[in-house]
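Take a look at the structure set out below.
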Amino acid sequence: PYPCPPGAQPCSPKSFGHDAIVCVCNATYCDTLDPVVVPAVGTYVKYESSKAGKRLERSEGTFQRNAKTTSGPLLTVNVSVLYQRVKGFGGSLSDAAALNILALSRPAQDNLLRSYFSETGIEYNLIRLPMASSDFSVRPYSYDDVPDDYDLKHFRLAEEDVEMKV
């Protein structure tokens, strides 16, 4: 019902003082990115955010082989050695996050979730979901508080899981 316009939409900054700036995302507007495309061999794309006000500012560059001098940090990439596989990127859907998302209007929720998971957003593809309560819950709870219930006959999801996560 609220499609994102094609192409990048810039951050609409809001200051909270003390160098705290966030991008506003509400029922009518949310910043977006151009779809991410793998750059050509030997080049890179960089997205930068900073205290000075940059918010996912895009720039491109070219890798240099065996650079001897540099005016900044030197990053050496050995593409012949692989240490790990990245399955994806994401965040946590805690009770606190769910409460805040549910407090938004439906159009604002749609924009927020689109900014996380869509091709015009940051393309999250993983979510960490705490099992039972965590330090971001409004109360402590578990799924089975009956002692010695090894068969889990009293196991059940909490209201928070059914109402906010499932």
Side-chain angles (χ1 to χ4, degrees), residues 1-38 45-59 73 75 82-166:
Y2 299 93
C4 284
Q9 301 293 311
C11 172
S12 176
K14 179 175 182 178
S15 174
F16 285 90
H18 306 291
D19 296 326
I21 298 173
V22 298
C23 295
V24 174
C25 182
N26 58 35
T28 60
Y29 185 85
C30 204
D31 56 311
T32 58
L33 302 173
D34 284 323
V36 177
V37 177
V38 176
V45 174
K46 174 179 74 171
Y47 291 90
E48 183 178 1
S49 295
S50 70
K51 271 185 146 182
K54 291 182 181 179
R55 293 294 178 266
L56 293 173
E57 185 176 294
R58 185 181 192 278
S59 62
L75 174 66
L82 301 177
Y83 292 99
Q84 62 199 17
R85 291 189 73 113
V86 176
K87 287 187 174 189
F89 295 90
S92 177
L93 183 59
S94 63
D95 292 5
L99 283 169
N100 283 300
I101 293 169
L102 291 172
L104 299 171
S105 69
R106 185 63 179 189
Q109 289 177 24
D110 291 343
N111 274 339
L112 176 66
L113 294 175
R114 191 177 296 111
S115 75
Y116 281 127
F117 298 103
S118 77
E119 290 181 359
T120 58
I122 56 177
E123 297 189 57
Y124 274 3
N125 63 344
L126 296 173
I127 286 292
R128 181 179 62 83
L129 190 65
M131 293 178 64
S133 68
S134 72
D135 53 344
F136 293 104
S137 299
V138 296
R139 67 179 182 95
Y141 62 91
S142 74
Y143 295 142
D144 190 346
D145 289 328
V146 177
D148 302 320
D149 184 12
Y150 301 114
D151 293 328
L152 297 175
K153 291 179 181 175
H154 299 278
F155 178 92
R156 72 184 195 317
L157 293 177
E159 180 182 341
E160 286 84 349
D161 297 298
V162 177
E163 298 293 321
M164 298 186 303
K165 297 175 190 167
V166 178

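Nothing here was measured: the structure is a model prediction, and the numbers come from that model. Computed from heavy atoms alone, side chains included, the values below leave out hydrogens, waters and symmetry copies.
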Report the residues that fulfil ring pair (Phe, Tyr, Trp, His ring centres under 6.0 Å) with Phe117, sequence neighbours left out, ordered by chain and then residue number.
-> none
Residues that Arg85 engages under side-chain hydrogen bond (donor to acceptor under 3.5 Å, both in side chains), provided they are two or more places apart = none
Show me the side-chain donor-acceptor pairs of residues 151-161 shorter than 3.5 Å, one per line, residues at least two apart or across chains.
unit_1 : atom_1 : unit_2 : atom_2 : d
Glu160 : OE1    : Arg139 : NH2    : 3.0
Glu160 : OE2    : Arg139 : NE     : 2.7
Asp161 : OD1    : Tyr143 : OH     : 3.1
Asp161 : OD1    : Lys165 : NZ     : 3.3
Asp161 : OD2    : Tyr143 : OH     : 3.0
Asp161 : OD2    : Ala158 : N      : 3.3

Please confirm whether the backbone N or O of Leu104 pairs with a side-chain atom of Gln109, one donor and one acceptor, at under 3.5 Å?
-> yes
Within 6.0 Å of CD in Glu119, more than 12 heavy atoms from elsewhere = no
Heavy atoms only: give me the nearest Ile21-Pro13 pair and the separation to one decimal.
-> CG2-CB, 3.8 Å
Does Leu99 reach the side chain of Val138, with side-chain heavy atoms less than 4.5 Å apart?
-> yes
Please assess Leu56 against Leu33 for the test side chain to side chain contact (heavy atoms under 4.5 Å, CB included), listing each intermediate value before the final yes or no.
-> CA-CA 8 Å; Leu56 293 173; Leu33 302 173; 4.1 Å; yes
Verdict with reasoning, Tyr47 to Glu57, per side chain to side chain contact (heavy atoms under 4.5 Å, CB included) = CA-CA 5 Å; Tyr47 291 90; Glu57 185 176 294; over 6 Å; no
Give a yes or no answer on whether the side chain of Ser105 reaches the backbone of Ala108 with a donor-acceptor pair at less than 3.5 Å.
-> yes
Are the side chains of Tyr150 and Asp144 in touch, meaning some heavy atoms are under 4.5 Å apart?
-> no
Let me see the working for Phe16 and Val22 under side chain to side chain contact (heavy atoms under 4.5 Å, CB included), right down to the final yes or no.
-> CA-CA 8 Å; Phe16 285 90; Val22 298; 3.3 Å; yes
Ser49: what forms a side-chain hydrogen bond (donor to acceptor under 3.5 Å, both in side chains) with it, not counting sequence neighbours?
-> none
Rounded to the nearest 0.5 Å, how far apart are NZ of Lys54 and CD of Glu48?
-> 4.0 Å
Work out which heavy atom in Leu112 is nearest to a heavy atom in Cys25; give both atom names and the distance.
-> N-SG, 3.8 Å
With sequence neighbours left out, write down each residue that passes side-chain hydrogen bond (donor to acceptor under 3.5 Å, both in side chains) with Ser50, or none if nothing qualifies.
-> none
Looking at OG of Ser142 and CE of Met131, how far apart are the two atoms once the value is rounded to the nearest 0.5 Å?
-> 10.5 Å
For the side chain of Ser118 and the backbone of Arg114, is there at least one donor-acceptor N/O pair under 3.5 Å apart?
-> yes
Verdict with supporting geometry, Arg128 and Leu93, side chain to side chain contact (heavy atoms under 4.5 Å, CB included) | CA-CA 6 Å; Arg128 181 179 62 83; Leu93 183 59; over 6 Å; no
Looking only at atom types and distance, does a side-chain atom of Arg106 sit under 3.5 Å from a main-chain N or O of Ala27, one as donor and one as acceptor?
-> no
Shortest non-hydrogen separation from Pro130 to Ser134 and the atoms involved = CB-CB, 4.2 Å
Return yes if some donor-acceptor pair links the side-chain N/O of Ser94 with the main-chain N/O of Phe136 below 3.5 Å, else return no.
-> no
Rounded to the nearest 0.5 Å, what's the gap from CE on Met164 to CG on Asn100? Could you check?
-> 10.5 Å
Minimum side-chain heavy-atom gap Arg58-Val45 below 4.5 Å = yes
For the residue pair Tyr124 and Tyr116, is the inter-centroid distance of their aromatic rings smaller than 6.0 Å?
-> yes
Hits for side-chain hydrogen bond (donor to acceptor under 3.5 Å, both in side chains) against Asn26, two or more places apart or cross-chain, chain-then-number order -> Thr28
Nearest 0.5 Å please: distance from the CD1 atom of Ile122 over to the OG atom of Ser115.
-> 6.5 Å
Starting at OG of Ser12, measure out to CG of Asp31 and round the result to the nearest 0.5 Å.
-> 8.5 Å
